[in-house]
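Since the model is a prediction, treat every value here as computed from it, not as a measurement.
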Amino acid sequence: MRFHILTLFPDMVRQGLETSVIGKAIENEIISLHVVDIRDFTTDPHGKVDDYPYGGGAGMIMQAQPIYDAWKTVTDEIGYEPRCIYLTPQGQHFTQSMARELAGEKDLILLCGHYEGVDERVLEEIVTDHVSIGDYVLTGGELPAMVMADAIARMVPGVLTNEESAGTESLDGGLLEYPQYSRPATWHGREVPEVLLSGDHEKVEAWRHDRSVERTFCRRPDLLREAKLSGEDVKRILKDIPKDC
């Protein structure tokens, strides 16, 4: 899978993604990272890529032409026009299911905005998806692009050394992950739950599932609308889990 990130701050993106698990996947050529500096495509002798908004108002707007030319360079190079995602608070909320869907793409272009916005005409010309990582405003689209690339890349086969990891994390099946414990068995007077020391894998899995349901109900009840719940899960929610947890 190939990520093409259009940005005014290429070093920021490279430093954020070329490390840890994602960096190793890039090094092993499981995924690739193509960072495109939009500033390279301006015709302004001073490297300017923004201008004042028509109609007045505060701040500056990223101009259409440098963005379009950066996008065109990518599409000409790969020979087709893949999905192009614009990172914006006005977009659809990014979710784990979206990450899983996007991981099936061969190429993705992520457009990072900056300043007070981007000329609407280039968005209409090249963007296929508007995506937000949350209801708040950041200085630019670089951090959201890195968040998306990280989450999507983890869904690509071979990126995680333990293939089971991507399917047993928080939000798998719409539920938060169960509590995790490691050695020692006693720490600050707190004991690891006895079932985890039993060696009975069936009981361990049942305990973990119950804790996932309970934790989701207590911390993110909104997720339960889409969660995969059994009749027993619903009974537990209605009967056994404290409503003030």
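Nearest heavy atoms, V159 versus A153: CG2-O, 3.1 Å. Closest non-hydrogen pair, L17 versus I26, comes out as O-CD1, 3.9 Å. Pairing each heavy atom of L87 with each of P144, the nearest pair is CG-CB, 3.9 Å. M60 and Y115 make their closest contact through O-CB, 3.1 Å (heavy atoms, listed as atom of the first residue, atom of the second, distance). Minimum heavy-atom separation, G113 to E142: O-OE1, 4.3 Å. Among all heavy-atom pairs drawn from V131 and F94, the shortest one is CG1-CB, 3.8 Å.
Under the 4.5 Å side-chain contact rule for hydrophobic residues, L197 and V195 share a cluster. Under the 4.5 Å side-chain heavy-atom criterion for grouping Ile, Leu, Val, Met, Phe, Trp and Tyr, I61 is not connected to F9 through any hydrophobic cluster. Using a 4.5 Å cut-off between side-chain heavy atoms of Ile, Leu, Val, Met, Phe, Trp and Tyr, with links allowed through other members, F3 and M98 fall into the same hydrophobic cluster. Under the 4.5 Å side-chain heavy-atom criterion for grouping Ile, Leu, Val, Met, Phe, Trp and Tyr, I109 is connected to V147 within one hydrophobic cluster. In this structure, M148 is not a member of the same hydrophobic cluster as V137, with clusters built from ILVMFWY side-chain heavy atoms closer than 4.5 Å.
In this structure, a donor-acceptor pair under 3.5 Å is absent between the side chains of E81 and T75. A donor-acceptor contact under 3.5 angstrom links the side chains of Q180 and E177, judged on distance only. Using a 3.5 Å distance cut-off with no hydrogens or angles, the side chains of Y178 and D210 do not pair a donor with an acceptor.
Counting only heavy atoms from C-beta outward, the side chains of V36 and T73 never approach each other to under 4.5 Å. Annotation: side chain of Q65 is in contact with side chain of Y68 (closest heavy-atom distance under 4.5 Å). Using a 4.5 Å heavy-atom cutoff, the side chains of L110 and H4 are not in contact. Between R2 and L108 there is no side-chain heavy-atom pair separated by less than 4.5 Å. Using a 4.5 Å cut-off on side-chain heavy atoms (C-beta onward), L123 and L111 make contact. Between M1 and K106, the closest side-chain pair of non-hydrogen atoms is not below 4.5 Å. Side-chain contact between I126 and K72 is absent, with no heavy-atom pair separated by less than 4.5 Å. Residues I133 and L143 form no side-chain contact, since every pair of their non-hydrogen atoms from C-beta on lies 4.5 Å or further apart.
With a 6.0 Å radius and a threshold of 12 heavy atoms from other residues, nucleotides or ligands, Y52 has its OH atom at or below the threshold. Surrounding CD of E191 are more than 12 heavy atoms belonging to other residues, nucleotides or ligands, all under 6.0 Å away. Counting heavy-atom neighbours within 6.0 Å of Q92 CD, excluding the residue itself, gives a total of 12 or less.
Applying the side chain to side chain donor-acceptor pair (under 3.5 Å) rule to pairs touching residues 123-136 yields R83-D129, H93-D135, sequence neighbours excluded. Residue pairs meeting the disulfide bond (SG atoms under 2.5 Å apart) criterion with at least one partner in residues 195-245, sequence neighbours excluded, are C218-C245. Listed by first and then second residue, the salt bridge (Lys or Arg N to Asp or Glu O under 4.0 Å) pairs that reach into residues 194-207 are E205-R208, sequence neighbours excluded. Evaluation of the side chain to side chain donor-acceptor pair (under 3.5 Å) test over residues 216-240, restricted to residues two or more places apart or in two chains, returns H209-D233, R220-D222, S230-D233.
In this structure, CZ on R39 lies 5.0 Å from CG on L8, to the nearest 0.5 angstrom.
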Taking only distance into account, with no hydrogens and no angle test, what donor-acceptor pairs under 3.5 Å do side-chain atoms of residues 42-49 form with protein atoms, sequence neighbours excluded?
residue : atom : partner : partner atom : Å
T42     : OG1  : D44     : N            : 3.1
T42     : OG1  : K48     : O            : 2.6
D44     : OD2  : H46     : N            : 2.8
D44     : OD2  : G47     : N            : 3.4
D44     : OD2  : K48     : N            : 3.3

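Taking the six-membered ring for Trp and thresholds of 30 and 60 degrees, Y181 and W207 have ring planes inclined between 30 and 60 degrees apart.
In the hydrophobic clustering (ILVMFWY side chains linked at under 4.5 Å, chained through shared members), Y54 stands by itself.
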